[in-house]
Amino acid sequence: MHPLLARALLALAMALVGGLSGWWIGEAGRLPAAGALGGALVGHALFLAQDAVRAGRLLRWLRTQQDHPAPRDTGLWGELGYRTERSLRGRDQAVEREVSRLAQFLSAMEASPNGVILLDANDQIEWCNHVAADHFGLDPVRDRMQRIANLVRAPAFVAWLQVPAQNEPLILAGLDGTRSLSLLRRPYGEGQRLLLTQDITERERADAMRRDFVANVSHEIRTPLTVLSGFVETMDSLPLSEAERRRVLGLMTQQTERMQALVADLLTLAGLEGSPRPPTDQWHDVVALLDQVVADGRALSRQRHVIVLDVSAGAAELAGSRHELLSAVGNLISNAVRYTPEGGRIGVQLVWREGGGAEIEVSDTGPGIAREHIPRLTERFYRVDGSRSRETGGTGLGLAIVKHVVQRHGGELVIDSEPGKGSRFRLVLPASRVRAAHRVAG
Ligand code: ADP
C-alpha cells in the first residue's frame, strides 16, 4: 500500500477509535456526541504525537554524520529514512569511487619518469608530481596555488610561459648549474595547462660526447690523409732520387699504419660496446696469457727495456674473453714500452688481493703522469703528450679499450703515477673471474 494512503488510513483509524471510545464514555454521562468529538480529537492528537516523535528521530539522524543506519520506523517516516539513507550511501559510494580513481590517476602521474605540473588559468600550480618538484626545486604541498613564474625565475622560462600557443619544447640548460630540462606545454580544460618536464642532461651529454667523438675521429683520420696526399703530390711533381723515394715511401707507410691502427682500435671499441658480457665459464691460463703479451712487448721494445714477468703468485685462471684480456694487458705493456725511455724497467705480475680476486699489474720506470691527467686518461683521444703518442704509433684509444675490457669483466682499472717516478696500471679483477689453477679441473 502507498505509504501516504496507509498514513491517511492510520490517522482516520486513530480518530475513529478515539471517537468510538469517547462515544462509549460520553454515553455514561448522556453526552455521547461531545464524547465522540473529544475522543476523535484525542485520537488525532495521539497520531500527531507519534508522528512528531518519528519525524524528530529522522531529523536527528539527518543532523548527524549518518554513520549509523536511519531509524527503522514503519510507515511514511520509516520509508523516508530508508530512502534517504540509501540515496546518501549511494552518493557516498560514488564519491569514494571518484576519490579513489583520482588517487589512482594522481599516483600514475606520480609514477611518471617525467615531471608533470597542472597549472590553472593564472599559471598557479594546482598539482605537481615529485619529479617536477625535483626538477624545479618546488615543494609539491607548500607551493600549491603559487604562480609558477614566481618560483621558477629563469628568464627564458618566464618568457616562454607568456607565449600563448607553443608546440616547440623549451630546452632549459644549466639549471642548478648543470641540469638541462626539456619542457612541453599543452592546454586542457578551461584555460588550464599541462606542463611536462624531462631531464635531458644525460642525453645532452651523450650528444656532446658523440659530436666530440666524430670530430676527433675525423681529425685523427684527416691528419695522416693530408700528409699522405702531400707525399703523393711530391712524388708526382718532383723528380726524386732513389733514396728520397724510399724515404717518402717509408713515411707514407707510417701514415697508413697509423690510420690502420686507428681503424682497428675503433672497431675494437665498437665491438666491445655492441657485444654481450664475456662468458663467466671460459677459463684461461693467466701465465700463458701473460707470457704471450710479454713476448709481444719484448718484440716492440727491441731490447731497449728490461721487461720482467713475475709469476710467483702461482698458476691462476681467468674467466672471460681471452682475446679481450690479451688486448687489455697488451695495451698496458705497449704503453709502458712506448712511454718509458730506453734502459727503463717494465714489470708485469699477478698479485692476489687480500679480500678476494686478483690484479694484473704493469709498472714502468717511465716519465710518470701528473695527477690532474690521471682521471682523464681513459677518455677517448685524451693524451698527455700528443706528439709522443703519435710518434710511437698511439691512437689515444688504448686506455679507453683497457677500461672497457676490465669493466666488462666486472673489474676496474686503477692508475697510480707520479711524474718522474714511473707509473703503475692495475687491472683489478673480482673473485668471480679469477681463481688459483689448482682448484680447477678443466
Ligand atoms: P695512446 O695511444 O696515446 O698511448 P692511451 O689511451 O693508451 O693512448 O693512453 C692515453 C695517454 O696516457 C697517452 O697519450 C699517454 O700520454 C698516457 N700514458 C699511457 N700510458 C702511459 C705510461 N705507461 N707512462 C706515461 N704515460 C702514459
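Given the structure is predicted, the values throughout are model-derived calculations rather than measurements. Whatever order the structure lists ligands and atoms in, that order sets their numbers, starting from 1. All values below were derived from every heavy atom in this structure, side-chain atoms included, with hydrogens, water molecules and symmetry-related copies excluded.
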[X]: numbered ligand 1 atoms lying under 4.0 Å from its heavy atoms:
{"X": "R383", "answer": "3 (O), 14 (O)"}
{"X": "G396", "answer": "1 (P), 2 (O), 3 (O), 6 (O), 8 (O)"}
{"X": "T395", "answer": "2 (O)"}
{"X": "D385", "answer": "16 (O)"}

- Query: Closer than 4.0 angstrom: is that true for some heavy atom of R338 and an atom of ligand 1?
  - Reply: yes

Closest protein heavy atom (residue, atom, distance) for [atom]:
{"atom": "atom 11 (C) of ligand 1", "value": "Y382 O, 3.7 Å"}
{"atom": "atom 7 (O) of ligand 1", "value": "N335 ND2, 2.8 Å"}
{"atom": "atom 12 (O) of ligand 1", "value": "L377 CD2, 3.4 Å"}
{"atom": "atom 14 (O) of ligand 1", "value": "Y339 OH, 3.2 Å"}
{"atom": "atom 6 (O) of ligand 1", "value": "L399 N, 2.8 Å"}

- Charged tip of R57 within 45° of W77 ring normal and under 6.0 Å: no

- With a cut-off of under 6.0 Å to the ring centre and 45° to the axis, is R380 in cation-pi contact with F213?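 Yes, R380 sits over the ring of F213.
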
- Query: Any Lys/Arg nitrogen of E242 or R245 sitting under 4.0 Å from an Asp/Glu carboxylate oxygen of the other?
  - Reply: yes

- With a 4.0 Å heavy-atom cut-off (strictly under), which part of H373 contacts ligand 1: side chain, backbone, both or neither? neither

- Message: Using a 4.0 Å heavy-atom cut-off, which part of D364 comes near ligand 1: side chain, backbone, both, or neither?
- Response: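 Within the 4.0 Å criterion, D364 contacts ligand 1 through side-chain atoms alone.
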
- Message: Please list all pairs meeting side-chain hydrogen bond (donor to acceptor under 3.5 Å, both in side chains) that have one or both residues in residues 96-119, counting only residues at least two apart or in different chains.
- Response: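 Those involving residues 96-119 are E110-H130.
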
For ligand 1, which is the ligand I care about here, please tell me if [X] has any N or O atom under 3.5 Å from one of the ligand's N or O atoms.
{"X": "G368", "result": "no"}
{"X": "I369", "result": "no"}
{"X": "V384", "result": "yes"}

Keeping the roles fixed (side chain from [X], backbone from [Y]), state whether a donor-acceptor pair exists under 3.5 Å.
{"X": "S301", "Y": "H305", "value": "yes"}
{"X": "R86", "Y": "G81", "value": "no"}
{"X": "W61", "Y": "P71", "value": "no"}

- Query: Tell me, do L269 and D265 make a side-chain contact under 4.5 Å, heavy atoms counted?
  - Reply: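 Of all side-chain heavy-atom pairs linking D265 with L269, none is under 4.5 Å.
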
- Note on the structure: A student comparing G394, S389, S423, G422 should find that the heavy atom closest to atom 3 (O) of ligand 1 comes from S389

- Message: Regarding T197 and H135, do their side chains bring together a donor and an acceptor under 3.5 Å, going by distance alone?
- Response: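 Looking only at side-chain atoms, H135 and T197 do form a donor-acceptor pair, the distance falling under 3.5 Å.
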
Would you give me the side-chain donor-acceptor pairs under 3.5 Å for residues 149-157, sequence neighbours excluded?
from, atom 1, to, atom 2, distance (Å)
R153, NE, N150, O, 3.1
R153, NH2, N150, O, 3.4

